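Take a look at the structure set out below.
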Amino acid sequence: MHPFSISVADDPGRAVAAHAQDDHLSYIAGGTDLLGLMKDGAAFPAHLLDINDLPGLAGVDATPDGGLRIGALARMSDVATNAEVRERFPVIAEGLLFAASGQLRNMASIGGNIMQRTRCSYFRDGDDPACNKRRPGSGCSALDGLNRNHAIFGWSDACVATHPSDVAVALAALEADVVVLGRAGERSVPIADFHRLPGGTPERDTVLGRGELIVAVEVRAQAEGRASHYLKVRDRQSYEFALVSVAAAVETEGRRLRSVRLAMGGVAHKPWRLTAAETALRGADLDDIGVLEAAIATSFTDARPLAHNAFKADLSRRAVLRALQTAGARA
């Protein structure tokens with residue numbers, strides 16, 4: 001690991017100013033992703049700014065209208081076991097509990113989790129193969145290489161990696177907002193716009209710039225929140241990243257679907273909303289499996305599997321159906 005210095009921030013405004021002035025400075029909270037990136041030679045900060053002592057950023061606060069404000073420094077384990085989270089938005093709690101081992105959940109922060117970088121083996125390879133996320137312009141080894149775990153939606157010739165966060169998928173289905181502090185004050189970014197597709201600049205994972213810091217995630221009150229479920233399909237049941245995952249949130253009238261929100265993980269460079277399926281599912285009967293399957297299939301017409309991951313399309317459709325049924329049973 002290359003040498004670095006570390007200091008402790010005690011004020012959000014000063015932390016943002018320091019980040020804006022130093023291109024080689026990185027924030028660190030739990031460090032569960034950043035330290036791995038440094039060991040893999042995929043990140044080279046010269047200075048780490050410890051933000052764990054910043055005031056007011058670690059709470060989980062229920063709002064009177066039924067929503068939530070989750071501080072960026074709240075630990076995954078604390079959010080997952082919070083009674084208001086489990087009651088109002090079980091999909092968030094489930095996404096967090098399936099995300100990592102207990103030890104990691106005790107350390108990792110919500111802000112850091114949604115900022116995770118891809119687990120593409122070429123990006124994480126310390127031998128430095130061609131990877132446009134590590135070295136822009138060098139190429140994408142996964143495009144024609146081993147790409148079983150890679151994207152089937154939204155990829156470009158520059159990058160076929162997938163985003164690894166589980167809770168980001170749940171937040172995408174709930175249409176959460178990421179609250180960001182910058183030099184000009186706070187701004188709110190819809191999570192659908194927070195993560196970027198790779199295009200020609202896959203090294204840029206999010207819309208954040210220098211001098212910006214996530215301070216909270218806000219989830220608005222919604223009827224679908226309580227009837228929600230997170231399903232994660234992985235190669236092993238213990239700590240592992242998703243092959244595919246689904247966050248489903250529904251509102252029903254009897255057994256008919258009034259409103260549906262669906263997002264997937266493990267299939268794209270960002271959490272992937274199934275908007276066509278959401279529209280097609282409105283009014284469908286939860287007991288009519290054929291209609292549900294046909295509606296879900298409308299979101300897979302633009303899937304572009306790679307050489308080794310064509311199985312993901314069928315697996316995804318089946319996972320969506322199962323997650324939808326589980327969410328519907330909670331309505």
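Note that the numbering runs from 1 along the sequence shown for the chain. Since the model is a prediction, treat every value here as computed from it, not as a measurement.
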Subject >> With sequence neighbours excluded, residues passing side chain to side chain contact (heavy atoms under 4.5 Å, CB included) with Ala99 >> reply: Met76, Asp166

Subject >> Thr32 side, atom OG1; Leu104 side, atom CG - distance, nearest 0.5 Å >> reply: 6.0 Å

**OP:** Determine the minimum heavy-atom distance between Ser245 and Tyr230, stating which atoms define it.
**Re:** OG-OH, 2.9 Å

Original post:
With hydrophobic residues grouped by side-chain heavy-atom distances under 4.5 Å, do Ile92 and Val178 end up in a single group?
Top reply: yes

Original post:
How many angstroms lie between atom CG of Leu274 and atom OG1 of Thr298, to the nearest 0.5 angstrom?
Top reply: 8.5 Å

Original post:
So do Leu54 and Asp10 actually touch side chain to side chain, heavy atoms under 4.5 Å?
Top reply: no

Original post:
Any side-chain heavy-atom pair from Ser259 and Arg282 closer than 4.5 angstrom?
Top reply: no

Original post:
CG/Asn149 to NZ/Lys312 distance, rounded to the nearest 0.5 angstrom?
Top reply: 5.5 Å

Original post:
Pairs in or reaching into residues 105-117: which pass salt bridge (charged side-chain N to carboxylate O under 4.0 Å, His left out), with residues at least two apart or in two chains?
Top reply: Arg117-Asp205

Subject >> Spacing of OG belonging to Ser26 relative to CG belonging to Leu49, to within rounding of 0.5 Å >> reply: 9.5 Å

Subject >> ring-ring contact (aromatic ring centres under 6.0 Å, His included) against Trp272, all qualifying residues, sequence neighbours excluded >> reply: Phe153

Subject >> Pair Glu278 + Arg273, salt bridge at N-O below 4.0 Å >> reply: yes

**OP:** Enter the distance from Leu97:CG to Thr81:OG1 here, rounded to the nearest 0.5 Å.
**Re:** 8.0 Å

**OP:** Would you list the pairs meeting ring-ring contact (aromatic ring centres under 6.0 Å, His included) in which at least one residue belongs to residues 173-192, sequence neighbours left out?
**Re:** none

Subject >> Ion pair Asp177/Arg69, N-O distance below 4.0 Å >> reply: no

Original post:
Same cluster or not: are Leu315 and Val160 linked, directly or through other Ile, Leu, Val, Met, Phe, Trp or Tyr residues, by side-chain heavy atoms under 4.5 angstrom apart?
Top reply: no

**OP:** Apply salt bridge (charged side-chain N to carboxylate O under 4.0 Å, His left out) to the pair Arg88 and Glu224, showing each step before the final yes or no.
**Re:** CA-CA 9 Å; Arg88 299 185 187 197; Glu224 299 91 343; over 6 Å; no

Original post:
For Arg210 and Leu25, which heavy atoms make the closest approach, and how far apart are they?
Top reply: NH2-O, 3.0 Å

Original post:
Is Asp235 salt-bridged to Arg148, cutoff N-O under 4.0 Å?
Top reply: yes

**OP:** Could you walk me through whether Lys270 and Leu197 pass side-chain contact (heavy atoms from CB on, under 4.5 Å), step by step?
**Re:** CA-CA 6 Å; Lys270 61 185 290 185; Leu197 291 178; 3.7 Å; yes

Subject >> pair Leu324-Val250: side-chain heavy atoms closer than 4.5 Å >> reply: yes

**OP:** Only counting residues at least two apart or in another chain, list the ones meeting side chain to side chain contact (heavy atoms under 4.5 Å, CB included) with Cys120.
**Re:** Thr118, Tyr122, Phe123, Ala142, His150, Ala161

**OP:** Answer with yes or no whether the side chains of Gln222 and Arg261 bring together a donor and an acceptor at under 3.5 Å.
**Re:** yes

Original post:
How far apart are the closest heavy atoms of Ala74 and Val79, and which atoms are they?
Top reply: CB-CG2, 3.7 Å

Subject >> Sub-4.5 Å side-chain heavy-atom contact between Ser138 and Pro129 >> reply: no

Original post:
Hey, is CZ on Arg322 packed in by over 12 heavy atoms from elsewhere, all under 6.0 Å?
Top reply: no

Original post:
Quick one: does Trp155's side chain have a donor or acceptor within less than 3.5 Å of a partner on Arg304's backbone?
Top reply: yes

Original post:
Partners of Phe44 by ring-ring contact (aromatic ring centres under 6.0 Å, His included), sequence neighbours excluded?
Top reply: His2

Subject >> Residue pair Ala29 / Ser109: nearest heavy atoms and the distance that separates them >> reply: CB-OG, 3.8 Å

Original post:
At their closest point, which heavy atom of Leu321 faces which heavy atom of Ile289, and how far apart are they?
Top reply: CD2-CG2, 4.1 Å

Original post:
Just wondering, are more than 12 heavy atoms of other shown residues or ligands nearer than 6.0 Å to CZ in Arg124?
Top reply: yes

Subject >> Heavy-atom side-chain contact between Asn309 and Pro305 under 4.5 Å >> reply: yes

Original post:
Any ring-ring contact (aromatic ring centres under 6.0 Å, His included) pairs touching residues 87-120, not counting sequence neighbours?
Top reply: none

**OP:** Identify, with sequence neighbours excluded, every residue that meets side chain to side chain contact (heavy atoms under 4.5 Å, CB included) alongside Ala319.
**Re:** Leu231, Val233, Val244, Val246

**OP:** For side-chain contact (heavy atoms from CB on, under 4.5 Å), just list the numbers for Val60 and Glu84, CA-CA rounded to whole Å, side-chain angles, deciding distance to a tenth of an Å, and then say yes or no.
**Re:** CA-CA 9 Å; Val60 181; Glu84 296 288 354; 6.0 Å; no

Original post:
What pairs of residues pass the ring-ring contact (aromatic ring centres under 6.0 Å, His included) test when at least one of them lies in residues 165-197, not counting sequence neighbours?
Top reply: His163-His195

**OP:** Taking all non-hydrogen atoms of both residues into account, name the closest pair between Gly145 and His308 and its distance.
**Re:** O-CD2, 3.2 Å

**OP:** Test side chain to side chain donor-acceptor pair (under 3.5 Å) on His47 and Ser7 and set out the steps.
**Re:** CA-CA 8 Å; His47 185 75; Ser7 59; 2.7 Å; yes

Original post:
Looking at residues at least two apart in the chain, or sitting in another chain, which of them share a side chain to side chain contact (heavy atoms under 4.5 Å, CB included) with Asp314?
Top reply: Arg317, Arg318

**OP:** Could you tell me whether Glu212 and Arg187 have a side-chain N and a carboxylate O separated by less than 4.0 Å?
**Re:** yes

Original post:
Going by atom types only, do Arg196 and Thr201 share a side-chain donor-acceptor pair under 3.5 Å?
Top reply: yes

Original post:
Any side-chain heavy atom of Leu171 sitting closer than 4.5 Å to one from Val217?
Top reply: yes

Subject >> Candidate pair Arg119 and Asp33, rule salt bridge (charged side-chain N to carboxylate O under 4.0 Å, His left out), full reasoning >> reply: CA-CA 10 Å; Arg119 293 288 161 170; Asp33 190 46; 3.0 Å; yes

Original post:
Going from CZ on Arg75 to CD1 on Ile110, what distance comes out if it is rounded to the nearest 0.5 angstrom?
Top reply: 10.0 Å

Subject >> Results of ring-ring contact (aromatic ring centres under 6.0 Å, His included) for His19 - residues two or more places apart only >> reply: Tyr27

**OP:** Return each pair, listed once, that meets salt bridge (charged side-chain N to carboxylate O under 4.0 Å, His left out) where at least one residue sits in residues 287-301; pairs must be two or more places apart or across chains.
**Re:** Arg255-Asp287

Original post:
Considering only heavy atoms from C-beta outward, does the side chain of Glu175 approach that of Pro190 to under 4.5 Å?
Top reply: no

